[in-house]
Peer 1: 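After the structure tokens below, expect a handful of questions from me.
Predicted model, so just to flag it, every value in this text is computed and none were measured.
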Amino acid sequence: MQIERYTVEIAADVASLIEECFAEHRKAPPLTFLAPPEPWTRLEDLLATLTSDALYHEASHVAIEDGRPVSTALAIRGPNGPGWWRIATAPRFRRQGLAAACVAAGESELAAAGQHEVRTHATVDSRWEAADGFRRSLAYDLDDPDRRNITMVAPQWTPRPVELPDGYQLDTLRENHLDEWMAVRNEVFGGAHGPGWFRERFMSRPDYDPAGWKIARHEGRIVGISAAVCTSGERDPECLRGAQIEWVGVLHEHRGLHLGEELVVACMNYASERDFLPVLLITQPFRVPAIRLYEKLGFATTAAWHRWVKRLI
């Protein structure tokens with residue numbers, strides 16, 4: 001067995017190796033309902049990257065047996081420097097240290113080039129326990145773990161009345177509300193987006209339904225927002241049927257009144273009554289009050305989107 005630097009001449013064989021190794025992961029449900037899984041297992045996409053200038057050839061290595069690659073660690077150029085793109089070993093060659101040897105060879109090249117650290121270029125699904133264990137064994141650490149995305153899922157829901165405090169009213173979003181809705185969104189989540197951002201991101205979707213976008217009003221003003229974006233999978237068969245909770249937020253001066261909870265309840269009612277279950281959402285571990293609320297409503301964390309980093313020098 002030989003560890004060699006990757007060359008474009010073996011691109012087709014390496015693409016086939018990666019496609020074989022990652023095929024099993026395509027069976028897992030997506031971590032978001034609003035977009036299909038990235039098509040990174042399609043052979044033509046793999047070949048496009050493997051033959052492009054995006055690949056960092058100096059750090060990319062393969063293990064060769066009888067002239068064919070059986071394991072590989074491939075690095076790609078990114079805005080923050082090179083990072084790991086794909087690490088794969090053919091099933092019958094696993095647990096022989098081949099991927100670790102390819103990674104070590106790449107790390108040596110990166111260190112020699114003056115790189116102080118190396119990261120995973122793409123997020124790593126925590127449901128791939130072997131991948132997480134592999135990176136830990138090579139002294140990689142989670143990059144900013146409190147701010148990574150986590151996926152929470154509520155498989156079922158029994159509709160219940162929405163109970164807002166006195167003086168607050170539940171409403172649904174209309175287009176003439178967009179300026180005010182965006183002002184609340186920007187204040188709660190940061191940014192300076194305008195209505196065009198919302199029109200492009202959500203209203204352009206064929207499954208857009210304003211009835212799923214809930215708002216809480218106080219003295220006529222929008223003070224809280226939430227949404228249930230439902231998808232049936234008809235537009236893209238790789239998207240599952242279900243609902244995704246989006247943009248739950250309440251202005252600071254109106255917090256502590258359970259408005260966020262009731263807005264989520266309104267969204268859950270909307271999804272359940274239209275048979276769009278399960279309901280999924282994406283949040284971050286540092287949002288502790290939000291996570292406690294979601295757990296109270298029946299959500300459980302099913303996956304995290306990891307990025308790994310290792311100091312080299």
Side-chain angles (χ1 to χ4, degrees), residues 33-34 146-195 197-198 201-203 208-230 242-274 276-302:
F33 287 147
L34 301 187
D146 286 341
R147 293 186 176 272
R148 58 187 165 148
N149 284 340
I150 60 174
T151 297
M152 303 184 75
V153 175
Q156 57 190 6
W157 175 257
T158 301
R160 68 171 175 84
V162 176
E163 300 176 350
L164 293 179
D166 292 341
Y168 293 84
Q169 300 82 39
L170 182 69
D171 201 354
T172 56
L173 182 66
R174 298 175 178 83
E175 188 163 5
N176 63 337
H177 299 156
L178 282 185
D179 284 326
E180 191 177 1
W181 189 96
M182 289 302 306
V184 174
R185 182 261 173 219
N186 291 339
E187 182 171 339
V188 173
F189 296 99
H193 299 292
W197 175 91
F198 186 92
R201 189 180 181 99
F202 294 107
M203 292 182 72
Y208 174 72
D209 181 4
W213 293 76
K214 306 299 182 181
I215 56 178
R217 291 188 176 277
H218 182 259
E219 297 180 351
R221 294 178 55 243
I222 298 177
V223 299
I225 60 176
S226 65
V229 182
C230 299
Q244 188 158 320
I245 301 296
E246 292 277 314
W247 303 110
V248 180
V250 175
L251 293 178
H252 181 76
E253 60 269 29
H254 296 273
R255 293 174 186 171
L257 301 173
H258 299 285
L259 293 179
E261 177 176 350
E262 296 306 313
L263 283 165
V264 175
V265 167
C267 289
M268 299 288 285
N269 290 347
Y270 167 86
S272 177
E273 289 162 0
R274 289 160 176 77
F276 279 97
L277 295 175
V279 179
L280 173 153
L281 62 86
I282 297 168
T283 187
Q284 298 79 35
F286 77 90
R287 303 185 190 277
V288 176
I291 291 175
R292 288 175 179 167
L293 164 62
Y294 298 138
E295 290 175 340
K296 175 183 176 182
L297 296 175
F299 286 85
T301 299
T302 60

Peer 1: Looking at Val264 and Ser226, what are the two nearest heavy atoms and their distance?
Peer 2: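 Looking at all heavy atoms of both residues, the closest pair is N-OG, 4.4 Å.
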Peer 1: Any donor and acceptor pair, going by atom type alone, linking the side chain of Glu262 with main-chain N or O of Glu163 inside 3.5 Å?
Peer 2: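 Answer holds: yes.
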Peer 1: Which pairs of donor and acceptor atoms, one on a side chain in residues 288-300, lie under 3.5 Å apart (sequence neighbours left out)?
Peer 2:
unit_1: Lys296; atom_1: NZ; unit_2: Glu261; atom_2: OE1; d: 3.1
unit_1: Lys296; atom_1: NZ; unit_2: Glu261; atom_2: OE2; d: 3.2

Peer 1: Which residue pairs pass the salt bridge (charged side-chain N to carboxylate O under 4.0 Å, His left out) test with at least one member in residues 164-177, sequence neighbours excluded?
Peer 2: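 Salt bridge (charged side-chain N to carboxylate O under 4.0 Å, His left out) check on residues 164-177 returns Asp171-Arg174, Asp171-Arg217, Glu175-Arg199.
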Peer 1: Could you go through the side-chain contact (heavy atoms from CB on, under 4.5 Å) check for Gln284 and Asn149 one step at a time?
Peer 2: CA-CA 5 Å; Gln284 298 79 35; Asn149 284 340; 2.8 Å; yes
Peer 1: To the nearest 0.5 Å, how far apart are CD in Gln244 and OG1 in Thr151?
Peer 2: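 The OG1 atom of Thr151 is 8.0 Å from CD of Gln244, to the nearest 0.5 Å.
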Peer 1: Report the distance from atom CG of Leu281 to atom CD of Glu246, rounding to the nearest 0.5 Å.
Peer 2: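 Here the rounded value is 9.0 Å.
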Peer 1: List the steps and the verdict of side-chain contact (heavy atoms from CB on, under 4.5 Å) for Asn269 and Trp157.
Peer 2: CA-CA 8 Å; Asn269 290 347; Trp157 175 257; 2.9 Å; yes
Peer 1: Would a 4.5 Å heavy-atom cut-off, applied to side chains only, mark Leu277 and Ser272 as touching?
Peer 2: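 Side-chain contact under 4.5 Å: yes.
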Peer 1: Answer yes or no: are there more than 12 heavy-atom neighbours, outside Gln156 itself, under 6.0 Å from its atom CD?
Peer 2: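 No, CD of Gln156 has 12 or fewer neighbouring heavy atoms, counting only those of other groups under 6.0 Å.
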Peer 1: What is the minimum heavy-atom distance between Val265 and Pro161, and which atoms define it?
Peer 2: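 Closest approach of Val265 to Pro161, heavy atoms only: CG1-O, 4.2 Å.
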Peer 1: Between Glu180 and Arg221, what is the shortest heavy-atom contact and its length?
Peer 2: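 Glu180 and Arg221 have their closest heavy atoms at OE2-CA, 3.3 Å.
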Peer 1: Does some side-chain heavy atom of Thr283 sit less than 4.5 Å from a side-chain heavy atom of Ile150?
Peer 2: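 Ile150 vs Thr283: side chains touch.
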Peer 1: For Trp181 and Trp197, take the angle between the two ring planes, folded into 0 to 90°, and tell me which bin it lands in: parallel under 30, tilted 30 to 60, perpendicular over 60.
Peer 2: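 The rings of Trp181 and Trp197 lie parallel, inter-plane angle below 30°.
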Peer 1: Give me the atom names and distance for the closest heavy-atom approach of Gly167 to His218.
Peer 2: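 Heavy atoms only, the tightest pair is O-CD2, 3.3 Å.
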Peer 1: Would you say Lys214 and Val162 make side-chain contact, with heavy atoms under 4.5 Å?
Peer 2: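 Not touching, per the 4.5 Å side-chain cut-off.
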Peer 1: By the definition side chain to side chain contact (heavy atoms under 4.5 Å, CB included), identify the one residue from Ile245, Leu170, Ile215 that meets it with Leu263.
Peer 2: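 Testing each of Ile245, Leu170, Ile215 against Leu263, the sole residue satisfying side chain to side chain contact (heavy atoms under 4.5 Å, CB included) is Leu170.
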Peer 1: Taking all non-hydrogen atoms of both residues into account, name the closest pair between Leu164 and Gln169 and its distance.
Peer 2: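 For Leu164 and Gln169, the tightest heavy-atom pair comes out as CD1-C, 3.5 Å.
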Peer 1: Let me see the working for Trp213 and Phe198 under side-chain contact (heavy atoms from CB on, under 4.5 Å), right down to the final yes or no.
Peer 2: CA-CA 12 Å; Trp213 293 76; Phe198 186 92; 3.3 Å; yes
Peer 1: Compare every heavy atom of Pro195 with every heavy atom of Leu178, then report the nearest pair and how far apart it is.
Peer 2: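 Of all heavy-atom pairs spanning Leu178 and Pro195, the closest is CB-CB, 4.0 Å.
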Peer 1: For the CZ atom of Arg185 and the CD1 atom of Ile225, what is their distance to the nearest 0.5 Å?
Peer 2: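 Interatomic distance, Arg185 CZ to Ile225 CD1, rounded to 0.5 Å: 8.0 Å.
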Peer 1: Return yes if some donor-acceptor pair links the side-chain N/O of Arg255 with the main-chain N/O of Val250 below 3.5 Å, else return no.
Peer 2: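 Indeed, once roles are kept as given, a pair shorter than 3.5 Å links the two residues.
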